[in-house]
> 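There's a structure below that I have some questions on.
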Amino acid sequence: MSIREFSSLGLSEKTTKVLGELGYENPTPIQAESIPHVLAKKDLIGQAQTGTGKTAAFAIPSIENIDDSIRGTQILVLCPTRELAVQVYNEYEKLAKYHTSTDCIAIYGGESIEKQFRGLKRNPAIVVGTPGRVKDHINRGTLKLNQLQTLILDEADEMLDMGFVEDIEFVLEQTPEQRQVVLFSATMAPEIMKLSKRYLNNPEVIKIASKNMTADTLDQYFIPCTSRNKVTATDRIIKGNDFNLVLLFCNTKAMVDDAAVRLQRLGHRAEGLHGDMSQAQRDRVMNNFRAGHTTILVATDVAARGLDVKGVDAVINYDIPQDLEYYVHRIGRTGRAGKKGASYTFANRNELYKINQLAKKTKAEIIQAELPSAESMINQRRELLGIEILKTAEFVNDEYLHMVEQMEEQGVTPEIFAAALLEKMLKKDEEIWRAEDKAMAEPVRSKGDRNDRSRGRDRDFGDRNRSDRSGGRRDRSERGRRGGSRFESNRDMSRLFINLGRDNNLQPRDIVGAIAGETGIGGNAIGEIDIHQNFSFVEIPKEEVNKVLKVMNTRMIKGNPVSFEIAKPAR
Ligand code: AMP
């Protein structure tokens, strides 16, 4: 039986006080199991994922074991990434708040080594770092391990996957013989067992089953979905559920960039996070997400490793991870601290068997959900808006009432005014949803023109919108179709993305006029134009693309700074 109260773990008053302040009422299962063993200075292997409270499971007891009479580093934590190192460091800082003589420092690559020299000179009792940088400091003699009591390997499987095995072994070999080794890992891969056998002394093994982690706090769904519908599906899941913070996982960096841009185009505050970005960019993206300025973080598994952000409403698996173990990591980012979370996994017909594997792995049901139809989105949005309006109507603001009266004086009845307001709020999205439904209902073409077909998704909307709205330019789109399928790509033309759309009152003639006027390219040479809500596409002869990019990116259209770029082909 595990102990379910912090008070029965024999912790100091300082720690008990801080736990109270942090609102940690009871130990999580991994904490209840691990704390007594770590306090007793035993070696330990803990199998638990991010989100289970594993950091505090080693941080609380290791802080308690610090001997204030010793000067020197007593605890060393190795983490796979800088992000995780910073998170673990923050947790130590919080938990050691009343251990006033206990100093903590984080050392990782990408940060000034001089600053780290200064920090290490203070002989911090706790050092958290990434393996490469820790090894570097040991070699330079700036980190001394002769007083080390406890070495903690956090997310050991990930460190091994990232190729840190030699660095870890190097560090282990520099530690005193009597030190304690605590190893946390999400999986017990054979390499982990090998490392444990070699360096751990009769360790306690604690396993927190995935089931504990997910079953009660998380609803898992999968949505049968083709690649071309994933953006639409994401958009509808988020809008339909009114999610505020969403983590979206892709398998590749290219996919991260692509999904982030597509979601931005639909008006979402989405940003990508992957290993090709500089550390400064990654920090900025993470901070934006933590602060809620970015509401969708689109990431690869490695970049999001150890990421701990409170209040993530849902995790969307844009791609099913190649390594199913990652699935458990991914969905562990939502449904934390007693709040219910949700995960959505997109799967095409050939991937449905993987859903069964994932269900087995998490020992939980993964429920099939359908991509909400335009009509259900529309009904839901109208219903929610109706409820909101009724609530607001209870205490309506006099200034707004006055506005309605002013309209009435101009001959607009309150009914017409209210309906116009609703139209303004709802129509654009509703039009888009209906257009998306039509586009999705079209059969996917087989082989040969498949790429062109998926490329045409955005264009699809454009055609509809244009035929509805673009009046005089319709001949342009008709001309584009004459040669056959409108999804056929024209090999001599390049498609450019423009950052302005209907919201900027952009009309096809504005685009033609601006390009022709500024670059001298004849209006007849300009191909299809697709105007969307807040962006557009235009086809330009390939040999003119450089000129257009060079000239147009310094110009304005309809008073707006304009940016042209080569459109990314849809996948
Ligand atoms: P971790 O698995 O270490 O990434 O922790 C996940 C989150 O749970 C962190 O935000 C911790 O601050 C929080 N946490 C850790 N232990 C507890 C606890 N006993 N009660 C409530 N929250 C906790």
Side-chain angles (χ1 to χ4, degrees), residues 3 6-22 24 27 30-46 53-79 85 88-107 116-129 131 134-135 137-138 141-154 168 171-184 199-204 206:
I3 303 158
F6 278 121
S7 59
S8 42
L9 292 172
L11 302 172
S12 69
E13 234 176 78
K14 290 173 183 175
T15 299
T16 312
K17 188 170 171 195
V18 88
L19 290 175
E21 287 177 7
L22 290 173
Y24 293 8
I30 189 73
Q31 291 164 359
E33 304 266 348
S34 309
I35 290 174
H37 297 299
V38 182
L39 274 177
K41 303 229 172 157
K42 284 190 177 167
D43 283 1
L44 179 120
I45 299 177
K54 70 175 170 58
T55 316
F58 59 76
I60 293 171
S62 58
I63 292 170
E64 293 286 68
N65 282 346
I66 286 177
D67 182 344
D68 286 339
S69 67
I70 296 174
R71 232 176 110 68
T73 298
Q74 299 178 48
I75 302 168
L76 173 63
V77 188
L78 294 184
C79 303
V88 170
Y89 163 80
N90 286 336
E91 188 86 0
Y92 265 104
E93 283 275 284
K94 280 193 290 189
L95 291 166
K97 180 176 170 192
Y98 294 110
H99 290 76
T100 44
S101 52
T102 300
D103 197 4
C104 182
I105 173 182
I107 53 174
Q116 295 174 358
F117 289 155
R118 289 195 294 278
L120 287 167
K121 259 203 180 122
R122 296 198 307 264
N123 274 316
I126 307 163
V127 173
V128 183
V134 165
K135 182 180 171 191
H137 280 289
I138 295 173
T142 41
L143 173 62
K144 298 184 189 71
L145 299 182
N146 53 326
Q147 299 290 356
L148 196 83
Q149 312 242 8
T150 306
L151 175 69
I152 295 155
L153 305 174
D154 191 14
I168 293 170
V171 175
L172 274 159
E173 272 152 25
Q174 308 300 310
T175 54
E177 207 165 308
Q178 292 308 314
R179 84 285 188 261
Q180 172 188 36
V181 181
V182 174
L183 179 153
F184 273 86
Y199 293 101
L200 273 66
N201 179 17
N202 197 17
E204 287 291 334
I206 294 167

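On a predicted model such as this, the values are computed, not experimentally measured, just so you know.
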> Test side chain to side chain donor-acceptor pair (under 3.5 Å) on Thr102 and Tyr92; report intermediate values, then the result.
CA-CA 10 Å; Thr102 300; Tyr92 265 104; over 6 Å; no

> For the residue pair Gln116 and Ile105, what are the closest heavy atoms and their distance?
O-CD1, 4.1 Å

> For atom CD of Gln178, decide whether the heavy atoms of other residues, nucleotides or ligands shown that lie under 6.0 angstrom number more than 12.
no

> Tell me the closest heavy-atom pair linking Phe117 and Thr142, and the distance in Å.
CD2-CG2, 3.4 Å

> Check step by step if ring-ring contact (aromatic ring centres under 6.0 Å, His included) holds for Phe184 and Phe58.
CA-CA 9 Å; Phe184 273 86; Phe58 59 76; 5.6 Å; yes

> State, to 0.1 Å, how close Ile35 and Ala57 come at their nearest heavy-atom pair, and which atoms those are.
CG1-O, 3.8 Å

> Considering all heavy atoms of both residues, which atom of Val18 and which atom of Leu95 are nearest to each other, and what is their separation?
CG1-O, 3.5 Å

> Taking the side chain from Asp43 and the backbone from Leu200, do they hold a donor-acceptor pair closer than 3.5 Å?
no

> Looking at every non-hydrogen atom in both residues, tell me the closest pair between Glu33 and Pro36 and how far apart they are.
O-CD, 3.7 Å

> Donor-acceptor pair, distance only, cut-off 3.5 Å: does the side chain of Ser34 make one with the backbone of Gln31?
no

> Evaluate side-chain contact (heavy atoms from CB on, under 4.5 Å) for Lys14 paired with Ile63, printing each intermediate quantity in order.
CA-CA 10 Å; Lys14 290 173 183 175; Ile63 292 170; over 6 Å; no

> Indicate yes or no for a side-chain donor-acceptor contact from Gln180 to the backbone of Lys42 under 3.5 Å, with no hydrogens or angles considered.
yes

> Starting at CG of Leu148, measure out to OG1 of Thr175 and round the result to the nearest 0.5 Å.
6.5 Å

> Taking the side chain as C-beta and beyond, is there a heavy-atom pair between Ile152 and Val128 under 4.5 Å?
no

> Measure from the side-chain N and O atoms of Glu64 to the backbone N and O of Ser12, and report whether any donor-acceptor pair falls under 3.5 Å.
yes

> Quick one, Val134 and Ile107 - any side-chain contact, counting heavy atoms below 4.5 Å?
yes

> Tell me, with the steps shown, if Asn65 and Ile75 meet side-chain contact (heavy atoms from CB on, under 4.5 Å).
CA-CA 9 Å; Asn65 282 346; Ile75 302 168; over 6 Å; no

> Write down the atom of Ala32, the atom of Leu9, and the distance for their closest heavy-atom approach.
O-CD2, 4.3 Å

